[in-house]
Amino acid sequence: MSDLTALDHADSMIENAWGRPIAELEKAAVRQPVEDPLLRAAMHTRSHLTVVSNSIAVHQDRLHALTRPGHVPAFYDLDRITDTASALRTAFAESNTALTAIRNLVDARENALRADGGRDAQRVRAATARTAPSRPLGLSADRPAPSAAAARAPASTNRR
């Protein structure tokens with residue numbers, strides 16, 4: 001039986017997809033403007049998975065302490081055991097959800113890299129354009145971004 005955690009699986013998936021170690025990817029994910037929105041989303045999900053993994057370890061330790069061999073739990077311990085087991089199940093579910101989200105982001109990246117022509121390439125370009133920074137790169141942060149051209153709204157008629 002392997003002792004790999006969900007965080008270990010996520011790290012290996014992310015490292016294999018981007019081809020760089022996690023430490024480098026963490027530095028690249030926080031750069032502004034965002035160069036790779038899929039990497040940023042994967043690293044945000046990984047940070048959530050880190051918190052959930054720590055929560056799982058705490059709940060497991062608490063549950064093992066409450067149900068250690070040779071120990072007869074007191075009546076008031078039964079509620080604590082039930083609450084801890086429920087919190088552990090919830091943490092495992094959150095962990096699996098985060099791992100699935102990272103898997104979907106890795107699949108989306110692979111599909112985006114494979115989309116070199118046709119309708120898929122247009123969708124990738126459109127998604128990239130939506131995540132592009134709204135401020136031109138040379139503009140400083142203290143100056144407001146240029147306003148978008150206002151389009152005329154079609155005249156509406158009252159149909160009573």
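For this chain, numbers begin at 1 and follow the sequence in order.
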Answer whether the closest heavy-atom distance between the side chains of H48 and E94 falls below 4.5 Å. yes

Is V51 reachable from V58 through a run of I, L, V, M, F, W or Y residues, each pair having side-chain heavy atoms under 4.5 Å apart? no

Distance (rounded to the nearest 0.5 Å) between L7 CG and S12 OG: 10.0 Å

Identified side chain to side chain contact (heavy atoms under 4.5 Å, CB included) counterpart of R46 within the set L99, I102, L105: I102

Evaluate the criterion side-chain contact (heavy atoms from CB on, under 4.5 Å) for residue pair V52 and I56; output intermediate values, then yes/no. CA-CA 6 Å; V52 171; I56 287 172; 4.2 Å; yes

Distance from T97 atom OG1 to F92 atom CZ, nearest 0.5 Å? 13.0 Å

Is a side-chain donor or acceptor of T45 paired with a backbone partner of A41 at a separation under 3.5 angstrom? yes

For the backbone of R80 and the side chain of D83, can you confirm whether one donor and one acceptor N or O come within less than 3.5 Å of each other? no

Please check this pair: side chain of S86 against backbone of T82, looking for a donor-acceptor N/O pair closer than 3.5 Å. no

dist D11:CG -> T50:OG1 (nearest 0.5 Å) comes out at 7.0 Å

For residues D8 and T5, determine if any side-chain heavy atom of one lies less than 4.5 Å from a side-chain heavy atom of the other. yes

Any side-chain heavy atom of M43 sitting closer than 4.5 Å to one from V30? no

With side chains defined as the heavy atoms from C-beta onward, is the minimum distance between T100 and R103 less than 4.5 Å? yes

As an exercise, state the distance from CH2 of W18 to CZ of R109, rounded to the nearest 0.5 Å. 5.5 Å

Do the side chain of R31 and the main chain of A28 share a donor and acceptor less than 3.5 angstrom apart? no

